[in-house]
Amino acid sequence: MNKKKTVVLGVTGGIAVYKALDVVSRLRKKNIDVNVIMTKSACEFVKPLSFQSLSQNMVTHDMFEEPKAWEIQHISLAKKADVMAIVPATANIIGKVANGIADDMLSTTIMATRAPVIFAPAMNTNMYNNPIVQENISKLKKFGYNFIQPESGRLACGDVGAGKLANTELIADVIVSYLNDNKDLVEKKVLVTAGPTIAPIDPVRFITNRSSGKMGYSIAEEARDRGAEVTLISGPCNLKEPFGVNVIKVNTNSEMLKAVMENFEEQDIVVKSAAVADYKPKNYSDKKIKKVGQELNLELIKDNDILRKLGAIKTKQILVGFAAESNDLINNAKEKLKKKNLDYIVANDIMSKETGFASSDNKVTILCRDGNIIPLETMSKRQVAKQLFDLINKKR
Ligand code: CTP
């Protein structure tokens, strides 16, 4: 993100108002300018001063202002917004906007803005399921308004059901994703593989590769934010599933191969960042292997080279591989690019101390099919993903 972005956060009255403070704080940590508009009833739950302190901006609300002072002010905020988000959104604000009612600062600003608007509803479950509210939501969706579905759970009133404000980390992530104005992957399908695979030895043991999955998950998120329809095939890792991405969880090399093959044909871009296990035990023992003797010999056999198989059958797909190397980085990567019939290969030196496996940063060199070699500085894995798609789109 280059220019500082502005989010206008509308806060409407419900018990979840205090959670909107966390959303403000998360956005501020990403250096996003946050301007809060509170409705009169939101001010009954939390004072504007709390939002002012966290956003470091004046909070707009209707409480103490001259009657109708908002009629001019709403236009400037509406224009300033790169994204508007309503957190929490009550049935009342949803109903107002769905029916064209603009009678206070927040509803007029929503009506006047041309920025994307995201509602994060929170209300009693019976209210949420009321067909009138549901119809208003459907109507707004048809007009291009966006919704973050509330969670199900125990609500403040004691009822159990849908209506709990979505997780604040998710809300902040969704807002940030709308701030990405580079939408050059709209209508494109992108498949990403990430994480390690495992090769079971017996019911309790397996062999695997070191991989946190961070690189692949960052690629999936970048593609999503650029507008692509993303499928992420992930081996076992501890990362949270990115929203708005079709995640397929697998364990073994064969499971990854099957999932990749089932989805390959329709893809435009395929990025294979997974650390796939190359060998598996020749014989899987369905009983736990007992500890006998001083030595245990494990016989391994070669497993599928998924990327090589894709290179052999690819048609329109742009195929990107990774090369994890401990020595002779460029030559080994060149060799893999050729052998696996790739369009790009992202080579990384796994011996580097400050980057690599569990780190959030990476230092890579991208090699192109046409012979171009692009060394990149150390940067976040998300930035590497951005550079990769910038390059692919420039050459398309
Ligand atoms: N790959 C794959 N299937 C495998 C091994 C690797 O699809 N069985 C893919 C990886 O996802 C990566 C690329 O091939 O995109 C290169 O992986 P890497 O582990 O660097 O190379 P290998 O082909 O396994 O060769 P080597 O281990 O000898 O370096």
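Predicted model, so just to flag it, every value in this text is computed and none were measured. Every number for a ligand or one of its atoms is a count from 1 in the order of the listing. Numbers here simply count residues along the sequence, with the first being 1.
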[X] heavy atoms, cut-off 4.0 Å: which ligand 1 atoms fall inside?
{"X": "A323", "value": "20 (O)"}
{"X": "L307", "value": "2 (C), 7 (O), 9 (C), 13 (C), 14 (O), 15 (O)"}
{"X": "G321", "value": "15 (O)"}
{"X": "A274", "value": "10 (C), 11 (O)"}

Check your understanding: Between F322 and L191, is there a shared hydrophobic cluster once you connect ILVMFWY residues whose side-chain heavy atoms come closer than 4.5 Å?
Key ->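 They do not share one cluster, since no chain of ILVMFWY contacts under 4.5 Å joins F322 to L191.
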Is there a polar contact between ligand 1 and [X], counting only N or O atoms under 3.5 Å apart?
{"X": "V276", "result": "no"}
{"X": "N304", "result": "yes"}
{"X": "E325", "result": "no"}
{"X": "D278", "result": "yes"}
{"X": "I306", "result": "yes"}

Practice item. Answer yes or no for atom 27 (O) of ligand 1: protein heavy atom present at a distance under 4.0 Å? Key: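 Yes, there is one.
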Review point. From E335 CD over to I345 CD1, what is the distance, rounded to the nearest 0.5 angstrom?
Key: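 One finds 10.5 Å between CD of E335 and CD1 of I345.
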Review point. What distance do T6 atom OG1 and L77 atom CG have between them, rounded to the nearest 0.5 Å?
Key: 9.5 Å
N-O pairing of [X] and [Y] below 4.0 Å:
{"X": "K240", "Y": "E169", "answer": "yes"}
{"X": "K314", "Y": "D343", "answer": "yes"}
{"X": "K183", "Y": "D225", "answer": "no"}

Exercise for review: Distance to 0.1 Å, residue and atom name: give those for the protein heavy atom nearest to atom 6 (C) of ligand 1.
Suggested key: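 Looking at atom 6 (C) of ligand 1, the protein heavy atom closest to it is K340 NZ, 3.8 Å.
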Exercise for review: Identify, for atom 12 (C) of ligand 1, the protein heavy atom at the shortest distance, and state residue, atom and that distance.
Suggested key: F322 O, 3.1 Å
Practice item. Can you figure out which of K336, K272, K339, E335 has its heavy atom closest to atom 29 (O) of ligand 1? Key: K336
Point to revise | Any donor-acceptor N/O pair, R205 side chain to I289 backbone, under 3.5 Å | key: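 Yes, R205 side chain to I289 backbone: donor-acceptor pair under 3.5 Å.
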Check your understanding: Parallel under 30°, tilted from 30 to 60°, perpendicular over 60°: which one fits the rings of F119 and F147?
Key ->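 If you compare the ring of F119 with that of F147, the planes turn out parallel.
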Exercise for review: Would you please test D202 and S285 for side chain to side chain donor-acceptor pair (under 3.5 Å) and show each step?
Suggested key: CA-CA 5 Å; D202 69 14; S285 164; 5.6 Å; no
